[in-house]
Amino acid sequence: MPELPEVETVRRALEAHVRGRRVMRLEARPVQLRRPLDPERLATALTGARLQTPRRRGKHLLVDTSNGGTLLVHLGMTGRLILTDAARDEPRHTHLVLGLDDGRVLRYVDPRRFGLVHWLEPGEEALDPSLVRLGSEPLDPDLPALLPGLIRSRRAPIKSLLLDQHLIAGVGNIYANEALWRARIDPARAGHRIAPRRLARLATVLKEVLEEAIAAGGTTIRDFASLDTEAGLFAVKLRVYGRLDEPCPACATPIRRRMLAGRSTFFCPRCQR
DNA sequence: CCAGTATCCTGCAGGC
DNA sequence: TGCCTGCAGGATACTG
């Protein structure tokens, strides 16, 4: 369940620990991810390439290389990048192995295979179907001004709209729940029935919760052996997500759960209207 | 275009 | 102990 903060944490870890390294060896399996992973294409493109500063777009990682192209990575539900000091026991569901010039090994592991590893030749990034229609970045300072316009004409529940990557890129189920609690908005409320001021407020608290989570992830980044994000997620204080029947932190009313957009939705029936 | 649902996949928890 | 069921959910194909 890596969402924007977890992906940003991984991005920073890559920047700190992998940037500037050259890929000496590549091993890949032709596994069916969101798109088929193409070992030939990856090996041709990446072997000998130097990895540059990684970028993030929504939940996607983009690693530019010295030879011009870009490695596109999405962690899906269960994807992880694992950096180890040497060739050590390979985790199950390892789909890609990059042997680096400092002797370390970077692995992409994804049991559920909802993720994506795809090589982009120069120029392909602008056309890639996963990237081309992505919406605004939630950390964009303009989002509070932008969000009312994006939501105003929509009749779907606000929770579903927050999860729509074509409107806002990077929000997943956990932080959608948390932001709606902070903004005191009922997740089921139709987008067009929310006042513009409340939507601007939602954008602000969304940014706050994402930044807190990034900061929490950052605290776990220091001695990175693996680029794991679990610790960061635990470090953020979740107020409603996963807290069925527990007291609302604001009013002590038991937290409820319902299904929305096919996802578990946690909310306070008293605070959120 | 829009909204809602099914689908992909594995691991794990809970019931019996 | 083991088998079954359902849930977890990011993105997208499909339906109405």
Side-chain angles (χ1 to χ4, degrees), chain A residues 1-11 29-37 56-62 72-82 90-96 107-118 120 127-138 149-180 186-194 206 210 213 228-230 233-234 236 238 240-245 255-267:
Chain A
M1 52 200 88
E3 304 183 25
L4 187 151
E6 292 74 39
V7 176
E8 177 61 22
T9 298
V10 171
R11 192 201 66 75
R29 322 218 147 80
V31 64
Q32 184 70 36
L33 302 179
R34 211 159 83 212
R35 298 177 213 170
L37 188 150
R56 181 189 57 73
R57 180 76 176 93
K59 299 172 193 171
H60 297 263
L61 284 167
L62 293 151
L72 171 63
V73 176
H74 191 294
L75 301 174
M77 267 290 294
T78 52
R80 296 163 69 188
L81 286 170
I82 301 174
E90 183 141 295
R92 287 184 59 175
H93 307 296
T94 296
H95 308 310
L96 176 67
R107 291 189 174 90
Y108 178 81
V109 180
D110 184 7
R112 220 163 293 182
R113 311 212 292 271
F114 285 4
L116 174 67
V117 176
H118 181 73
L120 296 165
L127 305 167
D128 189 272
S130 296
L131 301 171
V132 74
R133 296 174 53 224
L134 284 181
S136 307
E137 284 290 329
L150 294 173
I151 300 297
R152 189 173 41 195
S153 62
R154 305 291 296 262
R155 310 179 93 81
I158 184 64
K159 163 89 182 301
S160 307
L161 298 171
L162 280 182
L163 293 176
D164 185 344
Q165 303 299 299
H166 305 122
L167 297 177
I168 309 173
V171 181
N173 197 36
I174 294 175
Y175 296 108
N177 279 293
E178 293 297 310
L180 287 166
D186 178 353
R189 179 172 282 266
H192 73 291
R193 296 194 56 243
I194 304 171
L206 173 63
L210 295 175
D228 224 327
T229 60
E230 290 292 310
L233 186 55
F234 274 110
V236 212
L238 300 180
V240 285
Y241 184 81
R243 296 188 171 275
L244 178 63
D245 293 334
I255 297 300
R256 282 196 200 155
R257 172 165 73 160
R258 62 176 292 186
M259 287 311 246
L260 253 171
R263 303 286 173 259
S264 261
T265 302
F266 298 88
F267 64 104

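Note that this is a predicted model, so its numbers are computed, not measured. Each chain gets a letter, A, B and so on, in the order the sequences are listed, and its residues count up from 1.
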Notebook entry, point to check: Who are the salt bridge (Lys or Arg N to Asp or Glu O under 4.0 Å) partners of A:R56, not counting sequence neighbours?
Noted result: A:E8, A:E137

Next item on the list: For the pair A:Y108 and A:H95, name the ring-plane relationship: parallel under 30°, tilted 30 to 60°, perpendicular over 60°.
Entry: tilted

Margin query: Rounding to an integer number of Å, can you tell me how far A:L37 CG sits from B:dC9 C1'?
Written below: 16 Å

Check: Which pair of non-hydrogen atoms, one from A:G58 and one from A:L4, has the smallest distance, and what is that distance?
Finding: O-CG, 4.3 Å

Notebook entry, point to check: Base, sugar-phosphate, or nothing for A:R133, non-hydrogen atoms under 4.0 angstrom?
Noted result: nothing

Notebook entry, point to check: With A:K159, which residues qualify under side chain to side chain donor-acceptor pair (under 3.5 Å), at least two apart?
Noted result: A:N173, A:T265

Check: With sequence neighbours excluded, what pairs up with A:R29 under the salt bridge (Lys or Arg N to Asp or Glu O under 4.0 Å) test?
Finding: A:E27, A:E90

Notebook entry, point to check: Is it true that atom CZ of A:R256 has more than 12 heavy atoms of other residues, nucleotides or ligands lying nearer than 6.0 Å?
Noted result: no

Next item on the list: For A:R112, enumerate each residue passing the side chain to side chain contact (heavy atoms under 4.5 Å, CB included) test, keeping only those at least two apart in sequence or located in another chain.
Entry: A:M77, A:T78, A:D110, A:F114

Item checked: Residues forming a side chain to side chain donor-acceptor pair (under 3.5 Å) with A:H192, sequence neighbours excluded -> none

Next item on the list: Measure the distance from CZ on A:R92 to P on B:dT10 and round it to the nearest whole Å.
Entry: 9 Å

Notebook entry, point to check: With A:R152, which residues qualify under side chain to side chain contact (heavy atoms under 4.5 Å, CB included), at least two apart?
Noted result: none

Check: For A:M77 and A:R35, take the nucleotide of DNA chain C holding the closest heavy atom to each; which residue's nucleotide lies nearer the 5' end?
Finding: A:M77

Check: Using a cut-off of 4.0 Å on non-hydrogen atoms, how would the nucleic acid contact of A:T78 be classed: base, sugar-phosphate, or nothing?
Finding: nothing

Item checked: Salt-bridge criterion met for A:D128 and A:R35 (N-O under 4.0 Å) -> yes

Check: Near DNA chain C, which residues from residues 255-263 of chain A have a heavy atom under 4.0 Å away?
Finding: A:R257, A:M259, A:R263

Item checked: Distance-minimising heavy-atom pair for A:L161 and A:G191 -> CD1-CA, 3.9 Å

Next item on the list: Output the residues of residues 155-168 of chain A in contact with DNA chain B, where contact means a heavy atom of the residue under 4.0 Å from an atom of the strand; sort by number or write none.
Entry: A:R155, A:A156, A:P157

Checklist line | Qualifying residues under side chain to side chain contact (heavy atoms under 4.5 Å, CB included), relative to A:R193, sequence neighbours excluded | finding: A:R189, A:A190

Next item on the list: For A:D164, check side chain to side chain contact (heavy atoms under 4.5 Å, CB included) against everything at least two apart and list the hits.
Entry: A:R154, A:H166, A:L167

Next item on the list: Using five pairs at either end of the helix from B:dC2-C:dG16 to B:dC16-C:dG2, determine the angle between the two local helix axes and round it to 10 degrees.
Entry: 50°

Check: How would you give the extent of chain A contacts on DNA chain C, as first and last nucleotide 5' to 3' within a 4.0 Å heavy-atom cut-off?
Finding: C:dA8 to C:dT12

Notebook entry, point to check: Separation of A:H93 atom NE2 from B:dT10 atom C1', in whole Å?
Noted result: 6 Å

